[in-house]
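Indexing begins at 1, ligand by ligand and atom by atom, following the structure's order. In what follows, residues are counted from 1 in the order of the sequence shown. Note that these values count all heavy atoms, side chains included, but never hydrogens, waters or copies made by symmetry.
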Amino acid sequence: MRKKLIAGNWKMNLTYKDSEKLAKEIISKIEKKDLNKTDVLLCPTFVSLGIVNKAIKDTGISLGAQNISYENNGALTGEISAEILKSVGCEYVIIGHSERRSYFHESNAVINKKIRKAIEFDLKPVFCVGESLVEREDEIYEGIIEKQLTEGLAGIESGKIAEVIIAYEPVWAIGTGLNATPEQAAQIHSFIRKIIQKLYNEKAANEILILYGGSVNENNSESILSAKGIDGALIGGASLKPDDFSKIVRTAAQIK
Ligand code: 13P
């Protein structure tokens, strides 16, 4: 049985103090019983990881970063290593987000190196895949997602695949208010499971968590999270609103 995961990607928002405030507000609005049913993950900026880690101590909520270096350490100005992320309490790291793919030119090969580094240091990668609007309109999205998965997961052994969380985030649905329909999302989640079965085995395909991301909010979360094979959500805008985010957590906890 896969436990649902609701993850907030705060992106490049909130100062140090505002991050602490948001974390505390979210904690105050989430009920303990919901956390038994649903895992919750907060991903603030690097600068605010420490203060958010302090705020979530003993709550059962987890901490994640939004990026990672594929190197261990050294003369790499501005980069953050897996070891540094672990030292500040991170358990997860978002890798391959479409904003990093498009604005920072991260290739599948770079993303693969980052996923491997995260796994080496026992950080769970939240590996993002998804097609652009043109790729969807041209109906080549399955091929794009298969390539992202195959190249992103290259060299990751079957013993480690259960540590990886996949996030299907269609680029056209991110921050646009346009979300994939539950049917569209369920179709891609099932396709992703088929690829995992092909690359690994049936057990891996059944066990891997696959989140949906792209304009998830408190109004559409029930229909999206109830769709077949959707194990949770990676949320941008609505994760900055404590009422909305905690409502989504409650919704996820109530889904059988
Ligand atoms: P929005 O929820 O703002 O569309 O962002 C989705 C996302 O990119 C999460 O990683």
Under 3.5 Å: N/O of [X] near N/O of ligand 1:
| X | result |
| --- | --- |
| Glu99 | no |
| Gly175 | yes |
| Ser215 | yes |

Close approach of Gly213 to ligand 1, heavy atoms, under 4.0 angstrom: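 Gly213 does not count as a contact of ligand 1 under the 4.0 Å cut-off.
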Non-hydrogen atom of Ala238 closer than 4.0 Å to ligand 1: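 Outside the 4.0 Å threshold, so no.
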Measure Ile174 to ligand 1 on non-hydrogen atoms and call it side chain, backbone, both or neither using the 4.0 Å cut-off.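 Both of them.
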Where's the contact between Ala173 and ligand 1, heavy-atom distance under 4.0 Å: side chain, backbone, both or neither?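 Under 4.0 Å from ligand 1, Ala173 contributes backbone atoms alone.
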Nearest 0.5 Å, what's the CD-OG1 distance between Glu20 and Thr15?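 Reported value, rounded in 0.5 Å steps: 10.0 Å.
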Can you tell me if NZ on Lys4 sees more than 12 non-hydrogen neighbours from other groups inside 6.0 Å?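 For Lys4, atom NZ is crowded (more than 12 foreign heavy atoms under 6.0 Å).
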Please could you name the atoms of ligand 1 that Asn9 approaches to less than 4.0 Å, counting only its heavy atoms?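 So the answer, numbered in order with elements, is 9 (C), 10 (O).
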Under a 4.5 Å cut-off applied to non-hydrogen side-chain atoms, are Leu149 and Ile145 in contact?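 In short, these two side chains touch, coming nearer than 4.5 Å.
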How about Asp18 and Asn13: do any of their side-chain heavy atoms sit closer than 4.5 Å?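 Counting from C-beta outward, Asp18 and Asn13 never come under 4.5 Å.
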Of all the non-hydrogen atoms in the protein, which one sits nearest to [atom], and at what distance?
| atom | value |
| --- | --- |
| atom 7 (C) of ligand 1 | Glu169 OE2, 3.2 Å |
| atom 5 (O) of ligand 1 | Lys11 NZ, 3.3 Å |
| atom 2 (O) of ligand 1 | Gly236 N, 2.9 Å |
| atom 3 (O) of ligand 1 | Gly237 N, 2.8 Å |

Determine the interplanar angle of the Tyr212 and His189 rings, folded into 0 to 90°, and report it as parallel if under 30°, tilted if 30 to 60°, perpendicular if over 60°.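 Aromatic pair Tyr212/His189 classed tilted.
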Does the side chain of Glu99 come under 3.5 Å of the side chain of Gln66 through a donor N or O and an acceptor N or O?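 Absent: no donor and acceptor within the cut-off.
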Does Leu123 belong to the same Ile/Leu/Val/Met/Phe/Trp/Tyr cluster as Leu63, with side-chain heavy atoms less than 4.5 Å apart forming each link?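 Shared cluster, yes.
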Please say yes or no: joined through hydrophobic side-chain contacts below 4.5 Å, possibly via intermediate residues, are Val52 and Phe245 part of one cluster?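 Yes, same cluster.
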